[in-house]
Amino acid sequence: MLDTPPSEIPTLSLADEARDPAGFAAALGGSFERFGFAVIADHGIPSELIARGWADTAAFFALPEAEKRRYFTPEGGGQRGYTPFKTEIAKGASAVDLKEFWHVGRELPAGHPLADRMPPNVWPERPEGFKDTFLQLYAAFDRAGDRILSAIARHLGLAPDWFDPAVANGNSILRLLHYPPIPADAEGVRAGAHEDINLITLLLGAEEAGLELLDRDGRWLPVKPPEGAMVVNVGDMLQRLTNHVLPSTSHRVVNPPPERRGVSRYSMPFFLHPNPDFLIETLPGCIDADRPNRYPQPITAHDYLHERLVEIGLVKK
C-alpha cells in the first residue's frame with residue numbers, strides 16, 4: 001500500500017514495466033489500492049497519432065447538429081457512433097451530463113461469433129481520415145491496456161498473461177468526449193459522480209482541469225496528470241473480480257471556473273472490457289476470513305454491461 005499524501009497520485013512510467021516488471025506492478029497496484037487511480041507516463045501511444053485524434057475529434061464535434069445526429073442510433077444503447085448532448089446520466093443523478101460523445105468499438109471480421117453482441121462500427125463521412133485515425137488509436141490503447149493488465153495480474157499474484165484470453169476479443173470502447181461551452185447558470189455538471197463499468201479505463205486529455213476523484217476521506221481530489229500522461233482507473237468489473245482489493249473509485253468532471261466556461265473540453269477514454277462471455281467470478285486469492293466473498297454469484301461481462309447501461313439511461317428496459 002502506498003503511503004502517499006491524499007492529494008498526490010504518483011506518476012509512474014510504463015517504460016519501467018519492461019525494465020522492472022515486479023517493481024512496476026507493485027507501484028501500480030499500490031496506487032490502485034490507495035486511490036483506484038494511477039497516472040502513467042511513457043505509455044507508448046505516439047504523440048503524432050494523439051494529435052491527429054484531437055484534431056479529428058474537434059472537427060467532428062464542430063459539424064452541424066443535424067449531420068452528427070445522422071450517426072445516432074438510440075436502439076443501439078450508444079455502443080457505437082454518436083450520442084447527443086444531454087443523453088447520459090450518472091447512476092442516481094437527477095440531472096443529465098453536459099456532454100456529447102462518439103464510440104469506436106472493436107472491428108470484427110464478417111461472421112465472427114461475437115458479432116451478435118458486439119455491433120459493427122459506425123463511421124462519419126467527415127472529417128476525412130477519421131476511420132483510419134481512430135482504428136490506429138484503438139489498437140494503440142489496446143496494446144497499452146494489455147501491458148497494464150499484465151502488471152495488475154502480477155500484483156494480484158497471477159501469471160502475467162492471465163488476462164490475455166479474457167480480453168483477446170474484448171468489447172472495449174474508445175470514447176471521444178466533447179464537453180461544450182456552458183453558461184454560468186448551467187444545470188448539472190459536465191459528468192456527474194460515477195464509477196466506470198469496465199475492467200480499467202485509460203484516459204487521455206485530463207490535463208484540462210475538471211476531473212476529480214472521491215478520496216476515502218470523503219474529499220474530492222483534482223486529478224492533474226503531467227502533459228501527455230495517461231490517467232488509468234479501476235472499473236467495477238475489476239473491483240468485482242478482485243473482491244474490492246482494487247477499488248472502483250467515484251469520479252466526476254466538474255464545471256470550469258467562469259473564465260473557462262466558454263471553452264470546450266475534450267477527452268479520450270478507452271474503456272477496456274473483457275470478452276462478452278468472460279465470467280466475472282471472484283478471484284480465490286482475493287477471498288479470506290477478513291475479506292469474505294461479496295459476489296458469490298458470478299455473472300458474464302455481457303450481462304453485467306447490459307445491467308449497467310440500463311442504469312445510466314443508454315439502454316431502455
Enquirer: Which residues, ordered by chain and number, are linked to Val263 in its hydrophobic cluster, where ILVMFWY side chains connect at heavy-atom gaps below 4.5 Å, directly or through other members?
Expert: none
Enquirer: Is the side chain of His194 donor-acceptor paired with the backbone N or O of Gly192 at a distance under 3.5 Å, no angle test?
Expert: yes
Enquirer: Take Gln79 and Leu309, measure what side-chain contact (heavy atoms from CB on, under 4.5 Å) needs, and give me the verdict at the end.
Expert: CA-CA 10 Å; Gln79 289 299 285; Leu309 292 177; 3.4 Å; yes
Enquirer: Between Tyr304 and His273, is there a side-chain donor-acceptor contact under 3.5 Å, judged purely by atom types and distance?
Expert: no
Enquirer: Any donor-acceptor pair under 3.5 Å linking the side chain of Asn243 with the backbone of Cys286?
Expert: yes
Enquirer: If we ignore hydrogens and angles and just use 3.5 Å, is the side chain of Ser150 paired with the main-chain N or O of Pro160 as donor and acceptor?
Expert: yes
Enquirer: State yes or no: do Leu156 and Leu279 share one hydrophobic cluster built from I, L, V, M, F, W and Y residues joined by side-chain heavy-atom distances below 4.5 Å, directly or via other members?
Expert: no
Enquirer: Given 3.5 Å as the limit, does a donor-acceptor pair link the side chain of Asp217 with the main chain of Arg219, or not?
Expert: yes
Enquirer: I'd like to check Phe35 versus Thr249 (side-chain heavy atoms, cut-off strictly below 4.5 Å). Are they in contact?
Expert: no
Enquirer: Sort and list the pairs that fulfil salt bridge (Lys or Arg N to Asp or Glu O under 4.0 Å) and have at least one residue in residues 291-308, not counting sequence neighbours.
Expert: Asp236-Arg308, Arg308-Glu311
Enquirer: With side chains defined as the heavy atoms from C-beta onward, is the minimum distance between His251 and Val223 less than 4.5 Å?
Expert: no
Enquirer: Grab the two heavy atoms, one from Ile182 and one from Pro256, that are nearest each other, plus how far apart they are.
Expert: CD1-CD, 4.1 Å
Enquirer: Once salt bridge (Lys or Arg N to Asp or Glu O under 4.0 Å) is applied, what residue pairs with a partner in residues 144-170 remain, sequence neighbours excluded?
Expert: Glu17-Arg147
Enquirer: Check whether any side-chain heavy atom of Asn121 sits under 4.5 Å from a side-chain heavy atom of Glu107, and report yes or no.
Expert: yes
Enquirer: Give the C-alpha distance, both sets of side-chain angles, the deciding distance and a yes or no for side-chain contact (heavy atoms from CB on, under 4.5 Å) between Met268 and Leu137.
Expert: CA-CA 10 Å; Met268 200 181 298; Leu137 268 168; 3.9 Å; yes
Enquirer: Could you list the residues that satisfy ring pair (Phe, Tyr, Trp, His ring centres under 6.0 Å) with His103, not counting sequence neighbours?
Expert: Phe101
Enquirer: With sequence neighbours excluded, what pairs up with Phe270 under the ring pair (Phe, Tyr, Trp, His ring centres under 6.0 Å) test?
Expert: Tyr138, Phe141
Enquirer: Applying ring pair (Phe, Tyr, Trp, His ring centres under 6.0 Å), name anything that partners Phe278, two or more places apart in sequence or on another chain.
Expert: none
Enquirer: Are His178 and Ser264 linked by a side-chain donor-acceptor pair shorter than 3.5 Å?
Expert: yes
Enquirer: Are the side chain of Ser31 and the backbone of Ala27 linked by a donor-acceptor contact shorter than 3.5 Å?
Expert: no
Enquirer: Is there a path of hydrophobic side-chain contacts, each under 4.5 Å between heavy atoms of I, L, V, M, F, W or Y residues, that connects Leu177 with Leu63?
Expert: yes
Enquirer: Give a yes or no on whether the ring-centroid distance for Tyr266 and Trp54 is below 6.0 angstrom.
Expert: no
Enquirer: Is any side-chain heavy atom of Leu203 closer than 4.5 Å to one of Ser267?
Expert: yes
Enquirer: Sorted by first residue and then second, give each salt bridge (Lys or Arg N to Asp or Glu O under 4.0 Å) pair with at least one member in residues 115-134; sequence neighbours left out.
Expert: Arg52-Asp132, Glu67-Arg126, Arg70-Glu125
Enquirer: Taking all non-hydrogen atoms of both residues, which atom of Pro165 and which atom of Asn275 are closest, and how far apart?
Expert: O-ND2, 2.7 Å
Enquirer: Are side-chain heavy atoms of Ile40 and Leu28 found at a separation under 4.5 Å?
Expert: yes
Enquirer: With a 4.5 Å cut-off on side-chain heavy-atom distances among I, L, V, M, F, W and Y, is there a chain of contacts connecting Phe271 to Val234?
Expert: no
Enquirer: Apart from Trp220 itself, which Ile, Leu, Val, Met, Phe, Trp or Tyr residues share its cluster (side-chain heavy atoms under 4.5 Å, direct or through members)?
Expert: Leu214
Enquirer: Applying side chain to side chain donor-acceptor pair (under 3.5 Å) as the test, list every pair that has at least one member in residues 276-290; sequence neighbours left out.
Expert: Thr282-Asn293
Enquirer: Do Val253 and Tyr179 pass the side-chain contact (heavy atoms from CB on, under 4.5 Å) test, and can you show the C-alpha distance, the side-chain angles, and the key distance before you say yes or no?
Expert: CA-CA 10 Å; Val253 179; Tyr179 302 96; 3.6 Å; yes
Enquirer: With sequence neighbours excluded, what pairs up with Phe134 under the ring pair (Phe, Tyr, Trp, His ring centres under 6.0 Å) test?
Expert: Phe130
Enquirer: Does the side chain of Ile9 reach to within under 4.5 Å of the side chain of Leu213, using non-hydrogen atoms?
Expert: yes
Enquirer: Which value, rounded to the nearest 0.5 Å, describes the distance between Glu33 atom CD and Thr242 atom OG1?
Expert: 8.5 Å
Enquirer: Taking the side chain as every heavy atom from C-beta outward, state whether Trp102 and Phe72 have any atom pair closer than 4.5 Å.
Expert: no
Enquirer: Do the non-hydrogen side-chain atoms of Pro183 and Arg261 ever get within less than 4.5 Å of each other?
Expert: no
Enquirer: Which atom pair, heavy atoms only, marks the closest approach of Val167 to Pro274?
Expert: CG1-CA, 4.1 Å
Enquirer: Applying salt bridge (Lys or Arg N to Asp or Glu O under 4.0 Å), which residue pairs with at least one partner in residues 189-212 are found, sequence neighbours left out?
Expert: Glu208-Arg260, Glu212-Arg252
Enquirer: So if you build clusters from Ile, Leu, Val, Met, Phe, Trp, Tyr with side-chain heavy-atom gaps below 4.5 Å, do Phe163 and Phe32 land together?
Expert: yes
Enquirer: Can you check whether Ala15's main-chain N or O pairs, donor with acceptor, with Asp42's side chain at less than 3.5 Å?
Expert: no
Enquirer: Please answer whether the main-chain N or O of Phe61 pairs with a side-chain N or O of Lys68 as donor and acceptor at a distance below 3.5 Å.
Expert: yes
Enquirer: Give me the atom names and distance for the closest heavy-atom approach of Ala229 to Pro225.
Expert: CB-CB, 4.2 Å
Enquirer: Is the centre of the Tyr71 ring less than 6.0 Å from the centre of the Trp123 ring?
Expert: no
Enquirer: Under the side-chain contact (heavy atoms from CB on, under 4.5 Å) rule, what do Arg34 and Arg216 come out as? Steps first, then yes or no, please.
Expert: CA-CA 9 Å; Arg34 169 63 185 83; Arg216 57 192 181 190; 3.2 Å; yes
Enquirer: For atom NE2 of His244, is the number of surrounding heavy atoms from other residues, nucleotides or ligands below 6.0 Å larger than 12?
Expert: yes
Enquirer: Other than Met118, what residues sit in its cluster of Ile, Leu, Val, Met, Phe, Trp and Tyr side chains whose heavy atoms are under 4.5 Å apart, directly or through others?
Expert: Leu108, Leu114
Enquirer: Honestly curious: do Ile148 and Ile45 fall in one hydrophobic cluster under the side-chain, below-4.5 Å linking rule?
Expert: yes
